[in-house]
Amino acid sequence: MLDLFISTYIIFVQQDTLKGSLVAKEPKSMAVSSPEVIRHILIGLGYLASEIDPKPDLTKFAPWKRNNNSLTDDPTEEAIKKFQKQYPQKLVVNGNADAQTRTVMEDTVIGLQNRLKFHGFATNTEIPKGLPFYGPATYTAVKKFQKSQGLTENGIATIEQRQILQQPTLTNKPQSQPQSQLKLIDLLSQFKKNPQNPSYIAALNNLQQNLPKDVLHKVTNKWRGTNDQNPEIVKLTNVFTYYDDNNQNHRDALTHLQSQITPAIYKEFINLWNKK
């Protein structure tokens, strides 16, 4: 393992005149060099499970508690391999944070930051150009993006979410679902009475295509009672076919699915559902 070191950096804060609180900016300079910085990038990009610090120092990192030990423990090596596998043209999959891997990490974080700024979730003041650092400003900007898209607000930018950010425009911020909107549990009872209805099947397949992968992953894990990082996604037609209201996992999966359907997605879904 390379002898990694952390470069000196300075933290700046600015006064938030609207809220009267201090808002952390990213460090003025930071290299992807120390094991702690690399772990925070792996967490922020969704490759390494986060460990939440109950008293985070948001002038330093996002609120993830990680040590500065060498990168040789199994979870970190596996996380590095997962990152390397997504860049097979550039990287050898060996679990080693070598110079080339760190360079691609830098490019990935900077690319994420640029897209966040492009869509208005951060400014050049908050995240100056060329800082490959997954710090508090990047974490906060990702949460703003996630909120705008109705995604889980955890500050972790998975590859699926980074792909959404590559779009030239994003959908508007989802509004609360109207109280009159039918619940999935009600539609499910309709489905069970006529499971071969082509409109129902088309609507569920369309819903599956419109939902982000991270949502479908969570629905799948809740449905199966698992916690896999990259599960084989359950089909929504199977959810409706095999749903058992006495099964707590099934109820949790359906509740989460309901909470992730934005009005725009629901409108298209219900139009297909009711199509004659």
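All of these numbers come straight from a predicted model, not from anything done at the bench.
- The closest donor-acceptor contact from the side chain of Q258 to the backbone of K183 lies at 3.5 Å or more, if one exists at all.
- Not one N or O on the side chain of R66 forms a donor-acceptor pair closer than 3.5 Å with the backbone of E36.
- Taking CD of E160 as the reference point, atom CG of D214 lies at 7.0 Å (rounded to 0.5 Å).
- Taking NE2 of H217 as the reference point, atom CG of N227 lies at 12.5 Å (rounded to 0.5 Å).
- Of all the heavy atoms in N69 and P35, the pair that sits closest is O-CB, 3.0 Å.
- Judged purely by distance below 3.5 Å, without hydrogens or angles, the side chains of T76 and D73 pair a donor atom with an acceptor atom.
- Side chains of K117 and N124: a donor-acceptor N/O pair is present below 3.5 angstrom, by distance only.
- Between the side chain of R115 and the main chain of L165, a donor-acceptor pair closer than 3.5 Å is present.
- If you check the side chains of T226 and N221, you find a donor sitting under 3.5 Å from an acceptor.
- In terms of heavy atoms, T220 sits closest to P231 at CG2-CB, 3.9 Å.
- If you chain together hydrophobic residues whose side chains sit under 4.5 Å apart, I233 and L207 fall into the same group.
- Between the side chain of S148 and the backbone N or O of F145, at least one donor-acceptor pair lies under 3.5 Å.
- The neighbour count for K275 NZ, taken as heavy atoms of other residues, nucleotides or ligands under 6.0 Å away, does not exceed 12.
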Q) Given the rule in the ring-ring contact (aromatic ring centres under 6.0 Å, His included) test, do F61 and F133 qualify, once you have shown the distances and angles that lead to the verdict? A) CA-CA 9 Å; F61 291 118; F133 178 55; 5.6 Å; yes
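- Grouping the Ile, Leu, Val, Met, Phe, Trp and Tyr side chains by contacts below 4.5 angstrom, directly or via other members, places F240 with I185.
- In this structure the side chain of L58 reaches within 4.5 angstrom of the side chain of P63, judged on heavy atoms.
- Atoms NZ and CD, from K218 and Q260 in turn, are 7.5 Å apart once rounded to the nearest 0.5 Å.
- Checking side-chain atoms of N271 against main-chain N and O of K267 turns up a donor-acceptor pair under 3.5 Å.
- Counting only N and O atoms by type, the side chains of Q84 and T101 include a donor and acceptor under 3.5 Å apart.
- Placement of L187 and F191 within a single hydrophobic cluster is found when ILVMFWY residues are connected by side-chain heavy-atom separations under 4.5 Å, directly or transitively.
- The residues K81 and E78 are annotated as salt-bridged, a charged nitrogen and a carboxylate oxygen being separated by less than 4.0 angstrom.
- Scanning both residues, N154 and I156, for their nearest heavy atoms gives OD1-N, 3.0 Å.
- Contact between L170 and Q149 at its shortest, heavy atoms only, is CB-NE2, 3.7 Å.
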(Q) Set out, in order, the CA-CA distance, both residues' side-chain angles and the distance that settles side-chain contact (heavy atoms from CB on, under 4.5 Å) for L254 and V219, then state yes or no. (A) CA-CA 7 Å; L254 198 69; V219 169; over 6 Å; no
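- Note on L272 and L257: separate hydrophobic clusters, where clusters join Ile, Leu, Val, Met, Phe, Trp and Tyr whose side-chain heavy atoms are under 4.5 Å apart, directly or indirectly.
- When all heavy atoms of L236 and Q208 are compared, the pair lying nearest together is N-OE1, 2.8 Å.
- Under 3.5 Å, the side chains of Q209 and N205 contain no donor-acceptor pair of N or O atoms.
- N67 and R39 form a side-chain donor-acceptor contact under 3.5 Å, judged by distance and modelled atom types alone.
- You'll find the ring centres of H40 and Y134 outside the 6.0 Å limit.
- Atom CD of Q167 sits in a crowded spot, with more than 12 heavy atoms from other residues, nucleotides or ligands closer than 6.0 Å.
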Q: Decide yes or no on side chain to side chain donor-acceptor pair (under 3.5 Å) for D252 and Q248, but give the supporting numbers first.
A: CA-CA 6 Å; D252 289 346; Q248 183 65 51; 2.7 Å; yes
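- In this structure, L71 CG and I38 CD1 are separated by 5.0 Å, a value rounded to the nearest 0.5 Å.
- Taking every heavy atom of both residues into account, I41 and P132 meet most closely at CD1-O, 3.9 Å.
- Checking Y47 against Q86 by side-chain atom types alone, a donor-acceptor pair falls below 3.5 Å.
- Taking the side chain as every heavy atom from C-beta outward, Q161 and P212 never approach each other to under 4.5 Å.
- A donor-acceptor contact shorter than 3.5 Å is absent between the side chain of D228 and the backbone of N230.
- Checking Q229 against K82 by side-chain atom types alone, a donor-acceptor pair falls below 3.5 Å.
- Side-chain atoms of I201 and P198, non-hydrogen and from C-beta on, never get closer than 4.5 Å to each other.
- The closest donor-acceptor contact from the side chain of S199 to the backbone of N274 lies at 3.5 Å or more, if one exists at all.
- Looking only at atom types and distance, the side chain of D57 has a donor-acceptor partner in the side chain of T59 under 3.5 Å away.
- Residues Y87 and T108 form a side-chain contact, since some pair of their non-hydrogen atoms from C-beta on lies under 4.5 Å apart.
- Distance alone, capped at 3.5 Å, places no donor-acceptor pair between the E51 side chain and the W64 backbone.
- Under the 4.5 Å side-chain heavy-atom criterion for grouping Ile, Leu, Val, Met, Phe, Trp and Tyr, I110 is not connected to I127 through any hydrophobic cluster.
- Rounding to the nearest 0.5 Å places CH2 of W223 at 14.5 Å from NE2 of H256.
- In this structure, K213 NZ and L216 CG are separated by 9.5 Å, a value rounded to the nearest 0.5 Å.
- Using a distance-only test at 3.5 Å, with no hydrogens or angles considered, a donor-acceptor pair links the side chain of Q146 to the main chain of G155.
- Side-chain contact between L204 and F269 is present, with heavy atoms from C-beta onward closer than 4.5 Å.
- In this structure, the side chain of S50 does not engage the main chain of I43 through any donor-acceptor pair within 3.5 Å.
- When side chains are defined from C-beta on, V104 counts as touching L91, because their heavy atoms get closer than 4.5 Å.
- In this structure, the side chains of T158 and L45 stay at 4.5 Å or more apart for every pair of heavy atoms.
- Between Y242 and N247 the shortest side-chain heavy-atom distance does not fall below 4.5 Å.
- Using modelled atom types and a 3.5 Å distance limit, the side chains of D245 and Y243 yield a donor-acceptor pair.
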